[in-house]
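Written out below as structure tokens is the structure these notes cover.
This chain uses plain numbering: 1 for the first residue, then up along the sequence.
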Amino acid sequence: MEPITTRQAMEKEGRGAGELTGPADASVVMSARGVAKRFGDVRVLNGISMDVRSREVVVMVGPSGSGKTTFLRCLNHLERIDAGEILIHGRPVGYRPRPSVSEQPVEERPKVVAERRRNIGFVFQRFNLFPHLNALDNVALAPTKVLGTPKAEAREQARTLLARVGLEHKASSRPSALSGGQQQRVAIARALAMKPELMLFDEPTSALDPEMVGEVIAVMKELVDDGMTMIVVTHEMGFARSAADRLVMFDQGVILEEGPPEQVMTDPAHERTRAFLRRLNEGG
């Protein structure tokens with residue numbers, strides 16, 4: 001597959017190669033334009049462009065190594081990009097504003113990066129809970145340290161969030177005393193504690209035993225019903241079919257195709273998408 005340059009991505013969208021500005025549509029929460037990423041000599045992202053609007057649920061799928069998780073991590077500046085731009089409500093994430101794609105991205109000061117990240121919740125595959133803290137303190141820590149929320153208020157909010165994910169009775173339990181599904185639900189509550197405008201999920205059920213997957217998916221569906229804007233990397237196609245507004249197929253660092261889940265899953269336009277979905281259905 002031929003590489004897509006940042007210049008080509010801009011021209012495809014009808015914008016001059018020197019322009020690097022976000023969408024004018026105020027409903028767009030996240031906007032990516034011509035995002036490129038390399039690890040050494042390996043090109044992992046090859047000019048990714050995507051908008052995600054308020055209350056939209058986007059599920060990203062694709063074979064291992066296709067770039068979907070790297071793209072997700074770039075959205076939160078957990079990975080640095082080599083070209084393009086990522087905006088949250090029109091403001092760059094991780095980099096200083098620049099007028100032209102010919103200019104290399106210049107990373108913002110850590111304090112500014114942290115401020116921009118506040119609006120983005122991230123739920124990891126492996127939970128990443130603090131093992132020495134109980135569930136309540138895991139959820140309350142970030143609002144206290146980052147937002148300056150008084151400790152008593154943060155703990156009360158944490159109790160409410162644990163109740164929301166069905167774990168109020170586990171508030172005093174440390175991660176080692178929780179099942180994988182329970183740990184992931186605490187991780188979701190922790191992300192929600194920062195009151196994000198956008199939630200990112202990186203294969204949130206792939207580390208779970210099969211019987212625990214359903215409890216995490218149920219919490220995610222409740223967030224969908226509540227209108228949370230979400231980008232989800234997952235192979236749980238049942239969730240994609242029932243909850244997503246858009247299914248995006250990644251392959252070799254580009255978006256191969258996207259559309260309503262039912263359309264992409266039942267009548268994909270590309271053979272590589274058909275082959276990927278067949279492997280999922282066969283359990284491979």
Side-chain angles (χ1 to χ4, degrees), residues 4-37 44-62 66-95 97-101 105 116-122 196-202 220 223-224 226-234 240 243-251 253-264 269-270 273:
I4 299 174
T5 66
T6 302
R7 176 183 295 269
Q8 289 169 334
M10 300 299 171
E11 290 174 348
K12 183 178 179 182
E13 293 163 11
R15 296 159 59 192
E19 299 176 34
L20 194 56
T21 57
D25 188 345
S27 71
V28 174
V29 175
M30 187 286 295
S31 182
R33 290 290 179 271
V35 173
K37 172 68 180 177
V44 181
L45 299 178
N46 203 2
I48 300 295
S49 295
M50 178 193 299
D51 288 343
V52 177
R53 288 172 168 75
S54 178
R55 304 176 69 91
E56 188 175 15
V57 178
V58 175
V59 168
M60 302 191 303
V61 299
S66 62
K68 57 191 185 298
T69 289
T70 297
F71 178 64
L72 198 74
R73 292 174 63 85
C74 287
L75 296 181
N76 202 31
H77 200 59
L78 294 174
E79 296 287 354
R80 293 167 172 81
I81 62 175
D82 297 315
E85 69 172 357
I86 296 170
L87 305 176
I88 300 295
H89 282 305
R91 303 173 70 193
V93 176
Y95 298 94
R98 54 201 168 96
S100 170
V101 295
R116 301 283 167 80
R117 277 179 172 160
R118 291 180 186 179
N119 292 326
I120 308 171
F122 201 114
E197 298 181 47
L198 172 66
M199 284 282 284
L200 309 177
F201 293 84
D202 182 18
M220 292 173 65
L223 295 180
V224 173
D226 289 343
M228 177 63 73
T229 307
M230 296 165 56
I231 305 176
V232 184
V233 173
T234 185
D245 298 296
R246 189 170 14 137
L247 185 64
V248 179
M249 172 69 184
F250 272 66
D251 188 58
V254 301
I255 293 176
L256 189 62
E257 64 178 298
E258 60 183 304
E262 193 68 28
Q263 172 190 316
V264 175
H270 292 267
T273 306

- Are the side chain of D245 and the backbone N or O of V57 linked by a donor-acceptor pair below 3.5 Å?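 Side chain of D245 to backbone of V57, a donor-acceptor pair under 3.5 Å: yes, one is there.
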- Query: Within the distance-only criterion (no hydrogens, no angle test), does the side chain of T229 pair as donor or acceptor with the backbone N or O of S54 below 3.5 angstrom?
  - Reply: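 No, the answer is negative, given that no donor and acceptor are paired below the 3.5 Å cut-off.
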Testing the basics here: between [X] and [Y], what is the closest heavy-atom pair and its distance to 0.1 Å?
X: A244; Y: V59; value: CB-CG2, 3.6 Å
X: G121; Y: P196; value: N-CB, 3.4 Å
X: R116; Y: R91; value: NE-NH2, 3.0 Å
X: L45; Y: G67; value: CD2-O, 3.3 Å

- Message: Just by distance, no angles: are the side chains of D202 and T69 close enough, under 3.5 Å, to form a donor-acceptor pair?
- Response: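 A pair is found: one side chain offers a donor N or O, the other an acceptor, under 3.5 Å apart.
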- Message: Side chains of E257 and T273: any donor to acceptor distance under 3.5 Å?
- Response: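 A pair is found: one side chain offers a donor N or O, the other an acceptor, under 3.5 Å apart.
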- Applying side chain to side chain contact (heavy atoms under 4.5 Å, CB included), run through F122 and R117 and close with a yes or a no. CA-CA 10 Å; F122 201 114; R117 277 179 172 160; over 6 Å; no
Using 0.5 Å steps for rounding, measure from the [atom1] atom of [X] to the [atom2] atom of [Y].
X: S66; Y: M60; atom1: OG; atom2: CE; result: 9.0 Å
X: E79; Y: T70; atom1: CD; atom2: OG1; result: 6.0 Å
X: L200; Y: L72; atom1: CG; atom2: CG; result: 4.5 Å
X: I231; Y: E56; atom1: CD1; atom2: CD; result: 8.5 Å
X: I120; Y: N76; atom1: CD1; atom2: CG; result: 4.5 Å

Would you check if [X] and [Y] make a side-chain contact, meaning some heavy-atom pair closer than 4.5 Å?
X: E85; Y: Y95; answer: no
X: L87; Y: M30; answer: no
X: V29; Y: R53; answer: no

- Message: Among residues at least two apart in sequence or on other chains, which ones pass salt bridge (Lys or Arg N to Asp or Glu O under 4.0 Å) with R80?
- Response: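 With sequence neighbours excluded, R80 shows a salt bridge (Lys or Arg N to Asp or Glu O under 4.0 Å) to E107, given in chain and number order.
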- Query: So I81 and I86, side chain to side chain contact (heavy atoms under 4.5 Å, CB included) or not? Walk me through it.
  - Reply: CA-CA 9 Å; I81 62 175; I86 296 170; 4.1 Å; yes
- Please say which of L247, V248, V264, D251 ends up in a side chain to side chain contact (heavy atoms under 4.5 Å, CB included) with V61.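 Going through L247, V248, V264, D251 one by one, the side chain to side chain contact (heavy atoms under 4.5 Å, CB included) with V61 is satisfied by L247 alone.
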- side chain to side chain contact (heavy atoms under 4.5 Å, CB included) evaluation trace for I255 with M50: CA-CA 9 Å; I255 293 176; M50 178 193 299; 3.8 Å; yes
- Using 30° and 60° as the class limits, which term best fits the ring planes of F71 and F250: parallel, tilted or perpendicular?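 Ring orientation, 0 to 90° scale: tilted.
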- Item | Presence of salt bridge, D51 and R33, under 4.0 angstrom |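 A salt bridge is present here (some side-chain N lies under 4.0 Å from a carboxylate O).
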- Task: Indicate yes or no: does E258 engage R246 in a salt bridge with an N to O separation below 4.0 Å.
- Result: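 Here E258 pairs with R246 in a salt bridge, since their nearest N and O are under 4.0 Å apart.
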- Task: Before giving the answer on side chain to side chain contact (heavy atoms under 4.5 Å, CB included), spell out for M230 and L223 the whole-Å C-alpha distance, their side-chain angles and the decisive distance to 0.1 Å.
- Result: CA-CA 9 Å; M230 296 165 56; L223 295 180; 4.0 Å; yes
